[in-house]
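Since the model is a prediction, treat every value here as computed from it, not as a measurement. We count residues from 1, following the sequence as given.
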Amino acid sequence: MKKLLVAGAALLALGMAAAPAQALTVGVADDSNGMPFGSNIGGAYFQQIYNAASFGAGLTIGELSFFNSLDPDSTTPRAGTFQIYLSYSSAAIPTFDTSNGTTTPWFDTSFVQVFSGALPSISNGQLVFELTKRFAYDPSKGNLLMTVRTFDFSPSSDLYLDFDKNNGVTNSRFSAYPYEWNRGLVTGFAEVPEPATWALMIGGFGLAGATLRRRRAAVA
């Protein structure tokens, strides 16, 4: 029985050790805007670049979050199907949007698709995407580029997300507007444990629980 308890504790510890806990938010809310998840006037593509220096260390991105703290009454995302891609870029943050697709493509086969489907609902002031494919981001390889694509131009909806007006942390652009933008969506990045890690943790809890039940039965 002691061996079972030790084994359960070992499984639980292994799962917890393997479960990534890193999460960070890039940007500070000082403006709000509806594109690309609330308004359809920006075109089929939205791109945002994040300065690698904002991350410090690498992380395996499993979840993206956007916020509507500045306009909490606007909570209806657009209809239609959206694709989200993550990739690397060597483009400069301050001048990213002025190239309008000539130095950084709107779409490339090297982009990793991490989400495809309808937008989630706003919950607790956040638009949270649980990614279907994780993206292992290493800041030493370049800035992080996010591409959002949709060809469904359904009517605009009431959703204004937090933006950061800055010059050096993020920048964004829309395929329909090649002018200076100099702002970006405040974005949360979180690591989410792989299914195998969850299995280890659940197995550890289960084995520990079964051992405790056996000990109670033996005492009775």
Side-chain angles (χ1 to χ4, degrees), residues 25-50 61-87 89 91 93 96-102 104-109 111-135 144-166 169-190 192:
T25 299
V26 177
V28 177
D30 54 17
D31 194 14
S32 63
N33 196 274
M35 293 184 279
F37 301 123
S39 175
N40 61 16
I41 65 174
Y45 289 87
F46 167 85
Q47 280 188 328
Q48 179 159 323
I49 192 168
Y50 303 85
I61 303 168
E63 187 176 275
L64 293 174
S65 298
F66 305 98
F67 311 90
N68 74 332
S69 64
L70 298 181
D71 288 283
D73 294 330
S74 61
T75 58
T76 307
R78 285 171 58 187
T81 299
F82 288 73
Q83 290 86 39
I84 299 178
Y85 302 84
L86 295 176
S87 57
S89 177
I93 305 294
F96 169 69
D97 53 341
T98 58
S99 65
N100 196 31
T102 55
T104 302
W106 291 107
F107 181 76
D108 187 83
T109 55
F111 293 0
V112 178
Q113 182 175 293
V114 295
F115 177 85
S116 180
L119 297 180
S121 300
I122 289 284
S123 178
N124 297 319
Q126 297 185 48
L127 183 68
V128 180
F129 292 87
E130 295 184 5
L131 306 185
T132 53
K133 184 177 180 64
R134 290 162 175 78
F135 184 81
L144 179 65
L145 180 66
M146 177 182 71
T147 301
V148 179
R149 179 175 72 170
T150 181
F151 297 111
D152 188 327
F153 297 103
S154 55
S156 297
S157 59
D158 184 27
L159 178 63
Y160 280 78
L161 297 173
D162 296 351
F163 265 68
D164 185 350
K165 294 185 292 185
N166 59 77
V169 179
T170 67
N171 207 341
S172 59
R173 64 183 186 178
F174 309 92
S175 55
Y177 297 99
Y179 59 77
E180 186 68 24
W181 185 248
N182 190 32
R183 66 190 62 202
L185 284 163
V186 177
T187 308
F189 299 89
V192 178

Point-to-point distance, once rounded to the nearest 0.5 Å, from [atom1] of [X] to [atom2] of [Y]:
X	Y	atom1	atom2	answer
L131	Q113	CG	CD	11.0 Å
N40	M35	CG	CE	10.0 Å
F46	S39	CZ	OG	12.0 Å
L127	S121	CG	OG	8.5 Å
R173	T104	CZ	OG1	5.5 Å
N182	N171	CG	CG	5.5 Å

#### Entry: Between W181 and F174, ring centroids under 6.0 Å
yes

### Query
Is the F129-F37 ring centre distance short of 6.0 angstrom?
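Aromatic pair counts; centres sit under 6.0 Å.
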
Between [X] (side chain only) and [Y] (backbone N and O only), is there a donor and an acceptor less than 3.5 Å apart?
X	Y	result
D162	S32	no
T150	T81	yes
D71	D73	no
N68	S74	yes
R78	L159	no
Q47	W106	yes
T187	L185	yes

### Task
Mind running side-chain contact (heavy atoms from CB on, under 4.5 Å) on I41 and Y177 for me, showing each step along the way?
CA-CA 9 Å; I41 65 174; Y177 297 99; 4.1 Å; yes

Nearest non-hydrogen partners of [X] and [Y], listed with the distance:
X	Y	answer
V186	T25	CG1-CG2, 3.6 Å
V114	K133	CG1-O, 3.3 Å
F163	S172	CE2-OG, 4.1 Å
P77	S157	C-OG, 3.1 Å
V148	I84	CG2-CG1, 4.3 Å
I49	A91	CD1-O, 3.5 Å

### Task
With R149 as the cation and Y85 as the aromatic partner, state whether NZ or CZ is under 6.0 Å from the six-membered ring centre and within 45° of the axis.
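No - R149 does not lie over the ring of Y85 by the 6.0 Å and 45° rule.
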
### Query
Under 4.5 Å between any side-chain heavy atoms of N166 and D30, yes or no?
no

### Task
Count the heavy atoms of every other residue, nucleotide or ligand shown that sit under 6.0 Å from CZ of F111, and state whether that count exceeds 12.
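Count over threshold, so yes.
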
#### Entry: Trace of the side-chain contact (heavy atoms from CB on, under 4.5 Å) decision for L70 with Y160
CA-CA 8 Å; L70 298 181; Y160 280 78; over 6 Å; no

### Derivation of the side-chain hydrogen bond (donor to acceptor under 3.5 Å, both in side chains) call for D158 and T76
CA-CA 5 Å; D158 184 27; T76 307; 5.4 Å; no

### Query
Between Y50 and Q48, does a side-chain hydrogen bond (donor to acceptor under 3.5 Å, both in side chains) hold up when you go through it step by step?
CA-CA 7 Å; Y50 303 85; Q48 179 159 323; 3.3 Å; yes

### Task
Begin from the C-alpha positions of M146 and L64 and carry the test side-chain contact (heavy atoms from CB on, under 4.5 Å) through to its verdict.
CA-CA 10 Å; M146 177 182 71; L64 293 174; 4.2 Å; yes

### Task
May I have the step-by-step check of side-chain contact (heavy atoms from CB on, under 4.5 Å) for F82 and D152, ending in yes or no?
CA-CA 8 Å; F82 288 73; D152 188 327; over 6 Å; no

